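Keep in mind the model is a prediction, meaning the values are calculated, not measured. All chains are named by letter (A, B, ...) in the order of the sequence lines, taking the proteins before the strands, and each is independently numbered beginning at 1.
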Amino acid sequence: MQKVAEVIVDVPTMQTDLPYSYLIPQALEDKIKPGMRVIVPFGNGNRKIQGFVIEIKDNISPTETTLLKRIEAPMDLVPVLSPELLELADEMRRTTLAFKITCFQTMLPNVMKASYDKKVVVREHCPQTIIDDVFDGLSELSWELAEQQGKLPVIMKLRQEELVDVVYIVNKKNRAKTARGFKARLSQSELVEVKASLKPNAKQQHLLVDVLLMLDGNAISNSEAKELYELSAPAIKTGETKGWVEIVEREVQRDPYANHSFKQTYAATLNAEQQAAYEAITQAVQERQAQTFLLQGITGSGKTEVYLQVIAEVLNEGKTGIVLVPEISLTPQTVRRFKERFGPEVAVLHSALSVGEKYDEWRKIERGEAKVVVGARSAIFAPLDNLGVIIIDEEHESSYKQEENPRYHARDLAIWRANYHQCPVVLGSATPSLETRARAQKNVYQSLYLTQRASQASSLPTTEIIDMTEAETFGKMQTFSRHLLEKVHTRLQRKEQVVLMLNRRGYSSFVMCRDCGYVVPCPNCDISLTLHMDSHSMKCHYCGHEEEIPNTCPDCQSQKIRYYGTGTQKVEEELQQLFPEARILRMDVDTTRRKGAHERLLEQFGNHEADILLGTQMIAKGLDFPNVTLVGVLNADTALNLPDFRASERTFQLLTQVSGRAGRGDKPGEVVIQTFNPEHYAIQLAQRQDYERFFRYEMKIRHEANYPPYYFTAQIIASHPEENVVAKKMYDILLGLKEQLSDQAIVLGPTPKAIMRVNNRYFYQIVIKYKVEPNLYAYLRTILENNQAEISKGLKLSVDTDPLNFV
DNA sequence: AGCACGCCGACT
DNA sequence: GTCGGCGTGCTC
């Protein structure tokens, strides 16, 4: 019976988000497997596109099969998606409402996404005159070139006359990097004979034969032969002409950490709490329990050592493990800790890797060479079999949620995969998200606590709050309190280091006219432009618009146009004026844009090449410098006043985290928090590092206001170039929702987004708060389906079934 | 997404 | 009368 493959095609639309059936050609019958990529003809013109086989059927009636097209070619030799990941894609499609094809592409390295080309090929009976005129005498022409040269009308006509064909090409990008190499064509004994016949002064040829003998039939790359044995290229060439060697192409692995050397480290002795956590988790590993643990441990309590030893046990059992780390923490220091313990069994998936490097790491995992995967969010899709544990460090980090389709949360998928493999998940944090902590409270997750700092010498830092409404400040911008400056001063004298954090949001420089108060707005968005001194221009952070800095007020022509605000650059300048002798390192989006810049800056600071590290949120994570004895938070409030119910939670987490940066060594640490809201509970409780009180207080607030974790939320965002179009659409959607939802559900909106216009589009949102709405996801899907027509005409509609951001 | 079919405006 | 605009609908 004819075999048929069910294929998800690479056409990301609502209407094509379903499997299409294709015949499997006889020759490929036993080759095509679920999880493989294939090239299939699609649509009227039979253009060739990529597809994923999800199922093979052989019980299709013969009458049906005659209507089917056939698979053109496989794109893989073995499936790139395991049955597990195929199932996980189902789950993702169901819960995030994203297209199946988008889910597949998210699960795989970027290079596996096909790109498409088109070309025009002359047919056999095409007259030579036309070939000369249109194709410059060649047999084909790329579509792109034909378009540029304005030849499309001619080509259309030629195609109707059947003189030329339009051919579609699916480009595979995932070519493994290959290198030229060679291996012996002769047997060992023949080589010995050859060597005996060589003249004594033919040094390179002797060397070549020696190398060949040593390789014993194995291949080596030319570059490796040169590097290791100083074998020259001409010698290899000679070997080829004389028939001693065979030239081969070898797949080479790009190892992004090839230049690092790692010395083996061994398990440290665990304290009682760490030991208890270790035992609970490894017991779940051994007993194959899909238990989720919340490992709640203060900064410096040695969570990582617990992870390492759990993984060691997992490997010992012949299983594999995934460790997720926030993108920003995936520094060489973090990687080193795992590489030093587990060596080449560790693969690292990191967004800073090139697409090729990422593919190589992925291949290494797929081939079973790596047993431990350390990576950011998308490493949750690592193609590991036989998972023994999934660890998510800094569980509360928002970077685990993808803010584009598919809008998945790595934590949810981790729990799904753990269920599949019957293995535990460990969620680690000093400041767990309220959702996670609430689940632990209800014993859905099992709680494990680490309350002691692992190294006895270090103690918790002392934290002071400075009320900026009353404090004596310094400088034009009132960025620094006298108190903080004095403390910075003493550190500089003592040759200790200081970390200063600037909450970036709402803290950028802008230009304002002192006469009329005019602020230069973005022409495309409802926001003012930000001043950038490095490029001497005004930029919009939302749409990228850039323009010159005005000399006179564009509104009233006054000359009195001045710079305001405190961007990191401005603060750096002022700090430099206050401490001319201090070496300051600035770390923000501008200085870390270039690949590897982030690590380089941190390394410099670690080597004490700077005294003060001044940066945005990104400095709060994971850095561990023993010489830092003072951490200053310049503006603790800015995130606090956002209209988002998680504002307090984020502020508390951030402040607790930066505070942990002080006093990591044997010298005591101090933290100074400058704020305009000194009485706010998030700030007060962060000062005392009192997560428990914060949790209870915040839960009360969430309960009273019907927010998570007491309620689930869903968010619909629509945008359109015309405001009345979005507004009307959203009211329509609201009406439909009201009909579908039970009266327990609460619908907020539609309301314009805080920045209503971005890039000349108007944004509105609806938020749904609910407890039990079994039909909600299905109905949200129908909303997307019903608006297909408008979506193709400029409406943008996005649905998030578990949003993290409401601003 | 990309292509074909189809129904209304300005041209040889 | 036709060439071509892009609205609509379909793709195994």
For dC3(B), does either OP1 or OP2 sit under 4.0 Å from a side-chain N or O belonging to Lys118(A)? yes
Could you check how far CD of Gln788(A) sits from C1' of dT8(C), rounded to whole Å? 13 Å
What nucleic acid atoms does Phe42(A) come within less than 4.0 Å of, heavy atoms only: base, sugar-phosphate, or nothing? base
Please determine, for the side chain of Leu68(A), which listed nucleotide (dA1(B), dA4(B), dC12(C)) has the closest atom? dC12(C)
Arg123(A) bridged to Asp165(A) by N-O distance under 4.0 Å: yes
In whole Å, what is the span from the CH2 atom of Trp143(A) to the P atom of dG2(B)? 11 Å
Pick base, sugar-phosphate or nothing for Tyr168(A), based on heavy-atom distances below 4.0 Å to the nucleic acid. sugar-phosphate
Before accepting this row, confirm whether a basic side-chain N of the pair Arg94(A)/Asp90(A) lies closer than 4.0 Å to the acidic partner's carboxylate O. no
Atom CD of Glu790(A) and atom P of dT8(C): how far apart are they, to the nearest Å? 10 Å
Could you state the CD-P distance from Glu72(A) to dT11(C), rounded to the nearest angstrom? 20 Å
Would you kindly give the CD-to-C1' distance between Glu785(A) and dC10(C), to the nearest whole Å? 16 Å
To the nearest angstrom, the NZ-C1' distance between Lys793(A) and dT8(C) comes to 10 Å
Indicate whether any N or O donor in one side chain lies under 3.5 Å from an N or O acceptor in the other, for His421(A) and Glu84(A). yes
Reading DNA chain B from 5' onward, which residue's closest nucleotide shows up sooner: Asn44(A) or Arg47(A)? Arg47(A)
In whole angstroms, how far is the P atom of dA1(B) from the OH atom of Tyr20(A)? 14 Å
Could you state the CD1-C1' distance from Ile101(A) to dA1(B), rounded to the nearest angstrom? 12 Å
Within-4.5 Å side-chain heavy-atom neighbours: Ile527(A) and Cys540(A): yes
